Amino acid sequence: MSRYNAKVVEPKWQEAWDSAEVFKAIRDEAREKYYVLEMFPYPSGRIHMGHVRNYTMGDVVARYKSAQGFNVLHPMGWDAFGMPAENAAMQNNVHPGDWTYQNIADMRGQLKPMGLSIDWSREFATCDSEYYGQQQAMFIDMMGKDLVYRKNAMVNWDPVDMTVLANEQVEGGRGWRSGALVERKELTQWFFKISEFSEELLTALDGLSEWPEKVRTMQKNWIGKSQGLQFNFKTIGAPEGFEELEVYTTRPDTLFGASFAAISCDHPLAKALEANPDIAAFNQECRKLGATEEALETAEKKGYDTGLKVVHPFEAGWELPVYIANFVLMGYGTGAIFGCPAHDQRDLDFARKYDLVVTPVVCDEAQNPDTFSIGNEAYLGAGHIINSRFLDGLSIEGAKSEVNKRIAAMGLGEAKTNYRLRDWGVSRQRYWGCPIPVVHCDTCGVVPEKKENLPIELPKDVTFDRPGNPLDRHNIWRNCDCPSCGKPAQRETDTMDTFVDSSWYYARFTNAQAATPTVSADVDYWMNVDQYIGGVEHAILHLLYSRFFARAMNLTGHLPKAATEPFNALFTQGMVCHETYKDPDGNWLTPYEVKPVAGGYETDIGQPVEVGPSIKMSKSKKNVVDPDDIIDQYGADTARWFVMSDSPPERDVEWTASGADAAWKHLQRVWRLADEIAQSVDAGEIDAKAALALQKATHRAIEIVTDGIEGFAFNKSVAGLYQFTNTLAKSKADKATKIEAMKVMAQMMQPMTPHLAEEIWATMGGTGLVAQAAWPQVDPAMLVDDTVTLPIQVNGKRRDEIEVSADISKEELEKIVMANETVQRILDGNAPKKLIIVPGRIVNVVV
RNA sequence: GCCCGAGUGGCGGAAUGGUAGACGCGGUAGAUUCAAAAUCUACUGUCGAGAGACGUGCCGGUUCGAGUCCGGCCUCGGGUACCA
């Protein structure tokens with residue numbers, strides 16, 4: 001018996017595919033295309049199980065679609081800019097570029113042996129100047145279409161390192177390196193006008209029928225459309241220029257329940273009041289809260305009474321105090337609100353703390369309006385208006401429109417639709433990113449670079465011995481000629497958010513070497529991505545930015561109108577999780593640095609290990625496991641088979657080492673079976689019944705495996721293949737029938753275990769490569785069974801089962817059921833109340 | 001805090017509102033072997049001798065019938081705009 005040796009077999013077939021250029025995607029208008037794309041990886045240096053799972057899923061789809069006759073595009077690239085490269089530069093004194101390209105080489109070296117059906121000729125990294133130069137060209141085009149602007153925005157500022165920090169680099173309000181308390185600081189930064197597309201991005205979600213509902217819901221909530229009222233309060237005692245305070249509210253119906261007004265610490269009025277040292281100090285304290293929404297929302301609600309008042313618009317003598325409050329966001333609405341504590345939990349918490357009036361103005365229909373009062377929980381439900389003069393008795397909706405009408409008539413404001421979605425700040429004060437291609441000229445102001453000067457390449461000679469952006473202190477690079485007047489000028493030193501890089505890479509893959517961002521013949525043919533696959537963690541930012549960018553590319557002539565929604569179908573796979581470990585000093589440990597002991601883990605030097613929850617594998621938490629061991633030990637097919645088994649693709653998986661061995665055993669078994677069949681000799685009479693049974697099982701397997709792949713339930717396809725293997729192993733059918741069955745097995749296994757499938761295909765005498773064979777077709781006649789097993793329930797509980805012919809009549813079935821011993825015993829002479837028959841499924845006797 | 005998910009045997013998981021636990025791991029017993037590995041066969045949710053009872057995170061509801069639908073919770077995970 002010949003043995004299956006993955007180490008020999010896998011490279012052999014990979015070479016065969018390469019030399020036949022099986023996976024090279026060639027534009028061919030005569031053929032229908034299919035574009036499969038997995039979210040490209042960040043080149044951290046090692047592939048992990050998440051990558052293996054993600055790229056195997058994409059590969060299964062790509063190979064399956066190819067077998068169905070589509071002209072498949074399945075490319076790969078690298079999301080190569082970003083912070084880790086700069087961190088490595090600081091820690092290990094390596095250049096971010098060298099570090100990144102070395103990582104790419106390492107990871108490519110790990111990916112290629114997996115036998116993925118990728119067209120590697122289209123590979124690029126976003127840090128290639130050929131790529132980011134085209135991105136700069138599009139930035140300039142977007143400036144031309146007025147999609148880009150500058151404004152002030154907040155960043156995390158480390159006052160010791162004198163540098164901008166990412167949110168991730170702020171831990172408990174302190175800078176991760178310096179330990180200094182982080183402040184919010186205003187900087188002039190570049191923005192894309194994504195908010196101009198709020199409505200469009202929202203309504204277009206309805207057309208994304210092949211996206212998961214949860215992703216569309218998350219994006220909808222993120223865009224956050226709200227109908228409200230924007231109006232002015234008259235102020236009393238405010239500095240000059242602040243005679244009015246403009247607020248935005250989604251609850252104008254609760255205006256008579258107002259008990260205070262509140263402004264953000266970044267509101268112009270709050271800043272104007274900073275002459276008062278107490279207010280300056282309070283504002284400063286608020287700014288130390290950090291810049292994230294989470295930090296602001298979970299912080300204890302605090303306010304400072306400015307002493308100013310605003311006048312209620314419907315009652316001249318009614319004055320409300322004006323607070324500066326740490327929970328009011330400058331970035332949403334007008335940065336000022338009125339608080340109605342009875343019907344907003346945050347406002348209520350605030351009012352209880354500062355002892356403000358709480359007047360209910362919406363009454364629960366189930367309550368008595370005279371006694372309805374608010375405890376420590378705001379009332380958010382439906383009801384009618386009370387305590388509100390001319391609004392009393394109205395519904396919430398009725399009151400809203402009445403208030404809007406009166407405010408508009410008084411000339412104080414108007415109804416307004418607001419969106420939570422903010423413009424996309426793309427400025428990063430960092431080196432390892434795409435330089436923003438503009439020049440600052442004393443004469444001409446801010447001007448775009450000339451396209452013929454692109455790419456504006458990053459200078460190589462930089463150092464990371466000091467914090468901050470090396471571009472800022474690289475005077476040779478910074479100094480340039482103004483593209484407009486030719487006089488000496490200075491380059492912009494901000495680079496772009498890496499989300500920009502990943503917002504159009506899918507389009508670049510359609511012609512990765514072009515001298516323009518895209519080529520219309522190629523985007524026209526290959527776009528859209530038919531199946532996009534990636535993690536749910538990208539449900540909002542990456543996917544929303546990509547949807548915006550595709551629209552911007554359409555407006556600047558780089559994508560056709562048909563590609564403004566670039567991803568036809570989206571599948572979000574679950575994450576690969578692992579426990580986290582910390583040593584007694586609180587440093588993260590990798591799973592390789594801990595060893596199991598009774599009751600837990602300890603370090604190499606015997607220190608106790610604190611075990612944390614199982615969470616998304618990430619470099620920063622060090623809970624990453626290498627798939628290399630499995631690939632080395634068992635081969636790529638085993639690794640691929642293993643990650644497709646068991647867990648449904650959309651679910652998170654917890655990495656465990658057991659099970660890989662089982663996958664390997666199964667593949668060995670299939671090979672052994674194929675080998676036995678090839679060497680077998682028919683003896684005696686041919687068993688026609690067994691042959692038919694095997695043929696039927698084959699077609700049932702085709703149905704299960706096909707449905708599994710179509711439905712992104714690869715684990716069910718795998719289970720079906722296990723079952724089919726068991727059937728085939730036990731079959732008494734003749735050799736020819738078994739060979740046919742085994743050939744179908746090879747075709748069905750090909751997307752998941754392509755190397756073994758080729759080997760079996762060749763052994764069974766298949767023509768050509770199984771990678772190029774057509775997908776097997778189900779013969780519906782082979783799926784029909786003569787008899788069917790029906791469970792019999794009594795009162796919904798299963799009591800017995802009967803075997804009946806598949807086309808039995810209802811009357812006949814009733815007779816059989818009533819004659820059934822178990823039913824008779826339970827009925828005990830009584831007549832049944834009801835008999836429910838679901839044809840082919842179940843019988844339920846109701847007593 | 002807010003938004004979005006998930007929760008089923010010892011474990012990974014299966015189940016158009018219709019036999020809960022397919023398939024795999026692990027376990028037990030047996031065959032084979034000088035012995036072992038490998039392989040093959042059978043059994044394997046819990047309780048119970050059995051009939052049967054109980055079982056899908058918790059509480060309640062709809063239904064002839066609920067893991068599945070509805071309401072209210074709990075726990076865990078993802079996102080929260082400078083991690084990618």
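Chain A is the first sequence line, chain B the second, and so forth, proteins listed ahead of strands; every chain is numbered from 1. This is a predicted model, so every value here is computed, not measured.
Position along RNA chain B of the nearest nucleotide to K301(A) versus V164(A) favours K301(A) as the more 5'-ward residue. Along RNA chain B, the nucleotide nearest to R428(A) and the one nearest to P791(A) differ in position, and the one closer to the 5' end is contacted by P791(A).
Considering only side-chain atoms of T298(A), the nucleotide from G26(B), C4(B), G1(B) that sits closest is G1(B). Among the nucleotides C4(B), A81(B), U16(B), the one closest to any side-chain atom of R422(A) is A81(B). Nearest nucleotide to the A662(A) side chain, out of C25(B), A81(B), A84(B): C25(B).
For T292(A) and U80(B), the shortest distance from a side-chain N or O to OP1 or OP2 is not below 4.0 Å. Between N715(A) and G24(B) there is no side-chain polar atom (N or O) within less than 4.0 angstrom of OP1 or OP2. Close to G12(B), at under 4.0 Å from its OP1 or OP2, lies no side-chain N or O of S647(A).
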I'd like a list of close polar pairs between nucleotides 6-8 of chain B and the protein, N/O only, cut-off under 3.5 Å.
from  : atom 1 : to      : atom 2 : distance (Å)
G7(B) : OP1    : R651(A) : NH1    : 3.2

Could I get a table of every N or O pair under 3.5 Å where one atom is in the protein and the other is in nucleotides 48-56 of chain B?
none

For nucleotides 40-43 of chain B, give me every protein contact, N/O to N/O, under 3.5 Å, one pair per line with atom names.
from   : atom 1 : to      : atom 2 : distance (Å)
C40(B) : OP1    : R669(A) : NE     : 3.1

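Aromatic ring centroids of F724(A) and Y722(A) lie 6.0 Å or more apart. Note: F642(A) and Y634(A) fail the aromatic proximity criterion, with ring centroids not under 6.0 Å apart.
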Check your understanding: Where do Y532(A) and W211(A) land on the ring-ring contact (aromatic ring centres under 6.0 Å, His included) test, with the steps shown first?
Key -> CA-CA 10 Å; Y532(A) 196 34; W211(A) 280 41; 8.3 Å; no

_Run the side-chain contact (heavy atoms from CB on, under 4.5 Å) test on F192(A) and V500(A) for me, step by step, so that the C-alpha distance in whole Å, both residues' side-chain angles and the decisive distance to 0.1 Å come before the verdict._
CA-CA 10 Å; F192(A) 286 153; V500(A) 182; 4.0 Å; yes

message: L544(A) vs L421(A), test: side-chain contact (heavy atoms from CB on, under 4.5 Å). Steps then yes/no.
response: CA-CA 10 Å; L544(A) 193 61; L421(A) 180 64; 3.9 Å; yes

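One donor-acceptor pair, N or O on each side, does fall under 3.5 Å between the base of G1(B) and the side chain of E293(A). If you check distances only, the side chain of Q429(A) does reach the base of C82(B) with a donor-acceptor pair under 3.5 Å. A donor N or O paired with an acceptor N or O is not found under 3.5 Å between the base of C3(B) and the side-chain atoms of Q219(A).
A heavy atom lying under 4.0 Å from RNA chain B marks the following residues of residues 716-728 of chain A, by number: K716(A), A719(A), Y722(A), Q723(A), N726(A).
One C1' atom belongs to U32(B), the other to U41(B), and the distance between them is 11 Å to the nearest Å. Separating the P atom of G77(B) from that of C59(B) is a span of 24 Å, rounded to the nearest Å. Look at the C1' atom in both C11(B) and G18(B): the space between them is 29 Å, to the nearest Å.
Ring geometry for H542(A) against H538(A) counts as perpendicular: the plane angle is over 60°, on a 0 to 90° scale with 30° as the lower cut. Using cut-offs of 30° and 60° on the angle between ring planes, the pair W424(A) and F548(A) is perpendicular.
Within 4.0 Å of L421(A), counting heavy atoms only, lies at least one base atom of the nucleic acid. Residue contacts for W424(A): at a heavy-atom cut-off of 4.0 Å it reaches no nucleic acid atom on any strand shown. Within 4.0 Å of E213(A), counting heavy atoms only, lies no atom of the nucleic acid at all. If you check every strand for non-hydrogen atoms under 4.0 Å, H666(A) touches nothing. At the heavy-atom level, A539(A) lies nowhere under 4.0 Å from the strands shown. If you check every strand for non-hydrogen atoms under 4.0 Å, P648(A) touches sugar and phosphate atoms only. At the heavy-atom level, F499(A) lies under 4.0 Å from base atoms of the strands shown.
Counted by atom type alone, E492(A) and W190(A) present one or more donor-acceptor pairs between their side chains at under 3.5 Å. No hydrogens or angles considered: a donor-acceptor pair under 3.5 Å links the side chains of W504(A) and Y131(A). Inspection of the Q723(A) and R700(A) side chains reveals no N or O donor paired with an N or O acceptor under 3.5 Å. With 3.5 Å as the limit, one finds a donor-acceptor pair spanning the side chains of S195(A) and D423(A).
Here G7(B) is in the anti range [glycosidic angle more than 90° from 0].
Checked against F81(A) for a ring pair (Phe, Tyr, Trp, His ring centres under 6.0 Å), the options W432(A), Y505(A), F499(A) give a single hit: W432(A).
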Pairs under 3.5 Å (Watson-Crick or G-U), crossing ones as [ ], inter-strand ones as |: RNA chain B comes out as (((((((..(((.....[....)))((((((.......))))))(((....)))..(((((..]....))))))))))))....

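Of all heavy-atom pairs between G77(A) and F40(A), the closest is O-CB, 3.4 Å.
With respect to D158(A) and R177(A), no salt bridge is recorded, no charged nitrogen being found less than 4.0 Å from a carboxylate O.
With hydrogens and angles ignored, the 3.5 Å screen pairs no side-chain donor or acceptor of T753(A) with any backbone N or O of D637(A).
Remark: M818(A) CE is packed, more than 12 non-hydrogen atoms of other residues, nucleotides or ligands lying under 6.0 Å away.
A straight line from CD of Q345(A) to P of G1(B) spans 11 Å, rounded to a whole angstrom.
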Reading nucleotides 60-66 of chain B from 5' to 3' and marking B where a protein heavy atom lies under 4.0 Å of the base, S where only the sugar-phosphate is that close, and - otherwise, the string is ----BS-

